[in-house]
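Note sheet for the following structure.
These figures come from a predicted structure and were not determined experimentally.
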Amino acid sequence: MKKIFLLATLILSTTFSAFAESADVKAAANEAANNIKNAMTKEAIKAAPKYIGIRIGGGAEVSYQQVINNKNFLEVDLGLSGWGEIGVIVTGVYNFVLANPTWTPGTWTWYAGPGVTAGVGFTPKVDDVNVILPYAIVGITGQMGLSYQFENIPLQLSADIRPTLGLRTYPIGFYGTGNILSAISPAISVRYAF
């Protein structure tokens with residue numbers, strides 16, 4: 001009987017110690033996995049060469065950025081024209097990073113650069129708003145802005161202006177010379193870093 005009792009005690013103590021060790025191992029494994037995940041996320045954010053999101057100003061645009069030479073970046077936006085017109089515009093801008101202020105733990109970036117834009121759409125006729133006429137635009141643009149990349153999450157926020165000067169087919173003339181808002185095209189953007 002003593003042997004059975006000793007054997008049962010040995011089996012139970014081994015089982016409980018295995019469960020205790022298993023819980024410790026699980027906790028240690030979870031902690032290690034979280035540390036690796038956090039380290040990978042921070043490194044991915046620091047080295048993230050790509051961003052995708054939305055840019056909202058006079059219209060709404062899908063915005064994509066690709067870091068080039070570990071500093072400057074190319075931005076390509078495809079969106080709907082705004083300011084009372086219906087159309088699609090594509091814009092490409094090569095931005096130079098001018099400064100990276102260290103105001104907070106995240107990454108701030110001042111940038112500016114030249115680009116091109118083109119689009120097609122429909123606009124009301126000048127002397128009869130009931131008549132809608134097609135138009136096309138092509139032009140040069142410049143962009144200047146400030147962005148903030150969060151330190152621990154893959155999210156970028158930015159505000160910029162993008163004045164554009166170009167030619168349009170209707171009304172024939174220059175594009176981007178309307179009211180002050182359409183002339184400087186202020187916008188805010190939210191992008192995911194990947």
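Leu165 is connected to Leu167 through a chain of hydrophobic side-chain contacts under 4.5 Å among Ile, Leu, Val, Met, Phe, Trp and Tyr, so both are in one cluster. A continuous path of ILVMFWY side-chain contacts below 4.5 Å connects Val126 to Val131, so both sit in one hydrophobic cluster. By the criterion of side-chain heavy atoms lying less than 4.5 angstrom apart, applied directly or through intervening Ile, Leu, Val, Met, Phe, Trp or Tyr residues, Val138 is not grouped with Val90; the two fall into different hydrophobic clusters. Each of Ile54 and Leu155 belongs to its own hydrophobic cluster when Ile, Leu, Val, Met, Phe, Trp and Tyr are linked at side-chain heavy-atom distances under 4.5 angstrom. Under the 4.5 Å side-chain heavy-atom criterion for ILVMFWY residues, no single connected hydrophobic cluster contains both Val62 and Val190.
The aromatic rings of Tyr192 and Phe194 lie parallel to each other, their planes meeting at an angle below 30°, with 60° marking the opposite boundary. Aromatic ring orientation, Phe73 versus Tyr111: perpendicular (interplanar angle above 60°, classes split at 30° and 60°).
Summarising the geometry, atom CG belonging to Leu74 is positioned 5.0 Å from atom CD1 belonging to Ile68; distances are rounded to the nearest 0.5 Å. Taken from OH in Tyr135 to CD1 in Ile172, the straight-line distance is 15.0 Å, to the nearest 0.5 Å. Atom CG of residue Asn95 and atom CE of residue Met144 lie 11.0 Å apart, to the nearest 0.5 angstrom. Rounded to the nearest 0.5 angstrom, Arg162 CZ and Arg55 CZ are separated by 3.5 Å. Rounding to the nearest 0.5 Å places OH of Tyr64 at 14.5 Å from CG of Leu78. In this structure, CD in Glu85 is found 10.0 Å from CD1 in Ile132, a value given to the nearest 0.5 Å.
The local environment of CD1 in Ile188 is sparse, with at most 12 non-hydrogen atoms from other residues, nucleotides or ligands closer than 6.0 Å. Few gaps surround CG on Asp128; more than 12 heavy atoms of other groups in view lie less than 6.0 Å from it. Around the CD1 atom of Ile86, the shell of radius 6.0 Å holds no more than 12 heavy atoms that belong to other residues, nucleotides or ligands. The number of heavy atoms from other shown groups lying within 6.0 Å of OH (Tyr94) is above 12.
Remark: the Gln149 side chain and the Gln156 side chain contain no N/O donor-acceptor pair separated by less than 3.5 Å. Looking at Tyr51 and Ser147, their side chains never bring a donor and an acceptor atom within 3.5 Å of each other.
Of all heavy-atom pairs between Gly113 and Phe96, the closest is CA-CD1, 4.3 Å. When every heavy atom of Asp160 is checked against every heavy atom of Ser189, the shortest pair comes out as OD2-OG, 4.3 Å. Listed here is the closest heavy atom pair of Thr104 and Tyr148: OG1-CE1, 3.2 Å.
At least one donor-acceptor pair closer than 3.5 Å links the side chain of Thr141 to the backbone N or O of Pro163.
Remark: of the listed residues Thr117, Val116, Thr91, Thr117 is the sole one forming a side-chain contact (heavy atoms from CB on, under 4.5 Å) with Thr164.
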